[in-house]
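Note that the structure is predicted; figures quoted are calculated from it, not measured.
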Amino acid sequence: MPVKDAGVRGWVFYDADCRFCVAGMKRWGGVFTRHGFVWLPLQTPGTATRLGVTEAQLLEEMWLLLADGRRVKGADAWAAMMRSVWWLWPLGAVISLPGINVVAHVIYRWVARNRRCLGGSCKLHAHEPTPTADNPGGVR
């Protein structure tokens, strides 16, 4: 389903509830915005439907919806965006190479799974009790 928006190359969907993701968008968003990418939170109503994925799939990693209707996610999304910027093009091309692409996916998936801890406020274990001298296992 190609979308015709003048000058828009694609829409980048990032996790706006993640400090690490928001920091990345603030750091790199302007570079990619100048090259035709629009940044939107994954949490925008209707995003899963727009991308044709489940809510669970949506929240696993960032997504890129290109103007021609193609969807890419994770490391492939970063590589596609990098190839649109002349000085990042070589990095995007290298990330796309067989072998390197596999490594890029493994690294990206690890970062995506741990992103809530990388931003400075780990929410993965927020409700688990902390082990103490009186309770070494942290059991409630």
Practice item. Test Val72 against Trp63 for side-chain contact (heavy atoms from CB on, under 4.5 Å), laying out the working first. Key: CA-CA 6 Å; Val72 289; Trp63 288 82; over 6 Å; no
Exercise for review: May I have the step-by-step check of side-chain contact (heavy atoms from CB on, under 4.5 Å) for Thr33 and Trp28, ending in yes or no?
Suggested key: CA-CA 9 Å; Thr33 297; Trp28 292 102; over 6 Å; no
Practice item. For Arg9 and Val38, run side-chain contact (heavy atoms from CB on, under 4.5 Å): C-alpha distance rounded to whole Å, both residues' side-chain angles, the deciding distance at 0.1 Å, then the answer. Key: CA-CA 8 Å; Arg9 285 185 164 172; Val38 177; over 6 Å; no
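Evaluation of the side chain to side chain donor-acceptor pair (under 3.5 Å) rule for Gln57 yields Thr54 as partners, not counting sequence neighbours. Every side chain to side chain contact (heavy atoms under 4.5 Å, CB included) that Met25 has, sequence neighbours left out, goes to Tyr14, Trp39. Here Arg70 pairs with Asp68 under the salt bridge (charged side-chain N to carboxylate O under 4.0 Å, His left out) rule; sequence neighbours left out.
For the atom pair CZ (Phe20) and SG (Cys117), the distance works out to 11.5 Å, reported to the nearest 0.5 Å. Between Met62 atom CE and Tyr108 atom OH the span is 5.5 Å, to the nearest 0.5 Å. Remark: Asp15 CG to Leu42 CG distance equals 5.5 Å, nearest 0.5 Å. To the nearest 0.5 Å, the span separating SG on Cys18 from CG on Leu59 amounts to 11.0 Å. Thr47 contributes atom OG1, which lies 7.0 Å from atom CG of Leu40 (distance to the nearest 0.5 angstrom). Separation of atoms CD (Glu61) and CZ (Arg115) is listed at 9.0 Å; rounding is to 0.5 Å.
When all heavy atoms of Ala16 and Pro41 are compared, the pair lying nearest together is CB-CB, 3.5 Å. Listed here is the closest heavy atom pair of Ser84 and His35: O-CD2, 3.4 Å. Heavy atoms only, all atoms of each residue included: Phe13 and Arg50 are closest at CZ-NH1, 3.7 Å.
Within the 4.5 Å cutoff, the side chain of Trp78 has no heavy atoms near those of the Leu64 side chain. Contact check for Arg71 versus Leu66: no side-chain heavy atoms found under the 4.5 Å cut-off. Between Phe32 and Val12, the closest side-chain pair of non-hydrogen atoms is not below 4.5 Å. Contact check for Asp76 versus Ile95: no side-chain heavy atoms found under the 4.5 Å cut-off.
Chaining together hydrophobic side chains whose heavy atoms lie under 4.5 Å apart places Ile100 alongside Val94, Leu97.
Sorted pairs that involve residues 21-36 and meet salt bridge (Lys or Arg N to Asp or Glu O under 4.0 Å), not counting sequence neighbours, are lacking altogether. The side-chain hydrogen bond (donor to acceptor under 3.5 Å, both in side chains) contacts involving residues 85-99 comprise Arg83-Ser96, where partners must be two or more places apart or lie in separate chains.
One hydrophobic cluster, built from ILVMFWY side chains closer than 4.5 Å, holds both Leu91 and Met81.
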